[in-house]
Amino acid sequence: MSRTTSFKLVLLGESAVGKSSLVLRFVRNEFSDFRESTIGAAFLTQTVNLDENTAIKFEIWDTAGQERYKSLAPIYFRNSNAAVIVYDITQPPETSFEKAKSWVRELQRQADPSIVIMLVGNKADLAANRKTPKEMGEQYAQEEGLLFAEASAKSGTGVEELFMEIARKLPTN
Ligand code: GDP
Ligand code: MG
């Protein structure tokens, strides 16, 4: 019999970087080019097996990136065990990557110190139009002690893996 431990995970990042798309790929293995933008926040769950004896249930809060909802974000990340902070690799670093860094700083100030933070450069299927170098994300993540991955919600590349990497960092004893 496997034991399931539940963890709260929050998605943060500029709007249109693909937060909802990453969650939908992970939870339902679906993708749409025409998604309605998230209003407030959406709640979804997904369970993954770490090994024969251990399952991890993610309780996922997919927040809206718009500035007008920003004041709500602490409600979602305050009790979170993990955060996925997303930027768009096809945007210049001054935009969504900088925004991702500001979310990291906010979590470092306000979230539980044990929170597992994963920085994700999304839209890796569009690497031909890349404006933010992978090394930039990698280096920043290393400096700040974050997990890092590039992924594509569209192709699915890296999505399951990033959540598995988070699952392996969570305390299950
Ligand atoms: P959110 O506002 O951060 O939740 O972003 P959405 O998930 O709503 O996605 C914004 C737009 O980017 C939508 O048109 C998606 O179809 C598109 N999108 C999301 N992820 C990807 C991806 O990995 N590759 C590509 N090419 N487009 C994506
Ligand atoms: Mg969304």
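Just so it is clear, the structure is predicted and the values come from calculations on it, not from any experiment.
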Compare all side-chain heavy atoms of Val84 with those of Ile60 and state whether any distance is below 4.5 angstrom.
no
Identify, with sequence neighbours excluded, every residue that meets side chain to side chain contact (heavy atoms under 4.5 Å, CB included) alongside Arg105.
Lys101, Ser102, Gln108, Arg109
For Ser21 and Ser32, indicate whether the former's side chain and the latter's backbone hold a donor-acceptor pair under 3.5 Å.
no
Phe77: what forms a ring-ring contact (aromatic ring centres under 6.0 Å, His included) with it, not counting sequence neighbours?
none
Arg168 meets the salt bridge (charged side-chain N to carboxylate O under 4.0 Å, His left out) criterion, sequence neighbours left out, with none
Any pair counted as side chain to side chain donor-acceptor pair (under 3.5 Å), so long as it reaches residues 152-165, sequence neighbours left out:
Asp33-Lys154, Asp125-Ser152, Ser152-Ser155, Ser155-Thr157
Between Glu135 and Gln139, do the side chains contain a donor N or O and an acceptor N or O under 3.5 Å apart?
no
State, with a plain yes or no, whether a side-chain heavy atom of Ile85 is found less than 4.5 Å away from one of Leu107.
yes
Reference residue Leu9; test side chain to side chain contact (heavy atoms under 4.5 Å, CB included); the match among Val23, Leu170, Ile166, Thr45
Ile166
Taking side-chain hydrogen bond (donor to acceptor under 3.5 Å, both in side chains) as the definition, give me every residue that meets it alongside Thr54, ordered by chain and number, with sequence neighbours left out.
Asp51
Inter- and intrachain pairs under ring-ring contact (aromatic ring centres under 6.0 Å, His included), touching residues 29-55, at least two apart
Phe43-Trp61
Run the side-chain hydrogen bond (donor to acceptor under 3.5 Å, both in side chains) test against Arg78 and tell me which residues pass, sequence neighbours left out.
none
Given side-chain contact (heavy atoms from CB on, under 4.5 Å), test Glu14 with Asp88 step by step and report yes or no.
CA-CA 9 Å; Glu14 186 61 273; Asp88 176 349; over 6 Å; no
I'd like to know if the side chain of Asp62 and the backbone of Leu44 have a donor-acceptor N/O pair within less than 3.5 Å.
no
Report yes if some heavy atom in the side chain of Glu150 is under 4.5 Å from a heavy atom in the side chain of Arg130; otherwise report no.
yes
Which heavy-atom pair separates Val17 from Lys123 by the least distance, and what is that distance?
O-CE, 3.5 Å
Val86 to Ala100 - nearest heavy-atom pair and separation:
O-CB, 4.4 Å
Do any pairs count as a ring-ring contact (aromatic ring centres under 6.0 Å, His included) and have a residue in residues 131-161, sequence neighbours left out, and if so which ones?
none
Could you give all pairs that pass the salt bridge (charged side-chain N to carboxylate O under 4.0 Å, His left out) test and reach residues 137-146, with sequence neighbours left out?
none
Please collect all ring-ring contact (aromatic ring centres under 6.0 Å, His included) contacts where either partner lies in residues 152-173, sequence neighbours excluded, each pair once.
Phe26-Phe163, Phe58-Phe163
Tightest non-hydrogen contact, residues Met118 and Ala149, listed as SD-N, 3.9 Å
With sequence neighbours left out, what residues match Asp112 under side-chain hydrogen bond (donor to acceptor under 3.5 Å, both in side chains)?
Ser114
Got a sec, which residues hit salt bridge (charged side-chain N to carboxylate O under 4.0 Å, His left out) with Arg28, two or more places apart in sequence or on another chain?
Glu30
Can Leu162 be reached from Ile89 by stepping across I, L, V, M, F, W or Y side chains whose heavy atoms are under 4.5 Å apart?
no
Where do Lys131 and Thr90 come nearest, in terms of heavy atoms and distance?
CG-O, 3.1 Å
If hydrophobic clusters are built by linking Ile, Leu, Val, Met, Phe, Trp and Tyr wherever their side-chain heavy atoms come under 4.5 Å apart, do Val120 and Phe97 end up in the same one?
no
Side-chain heavy-atom pair Leu119, Tyr87 within 4.5 angstrom cut-off
yes
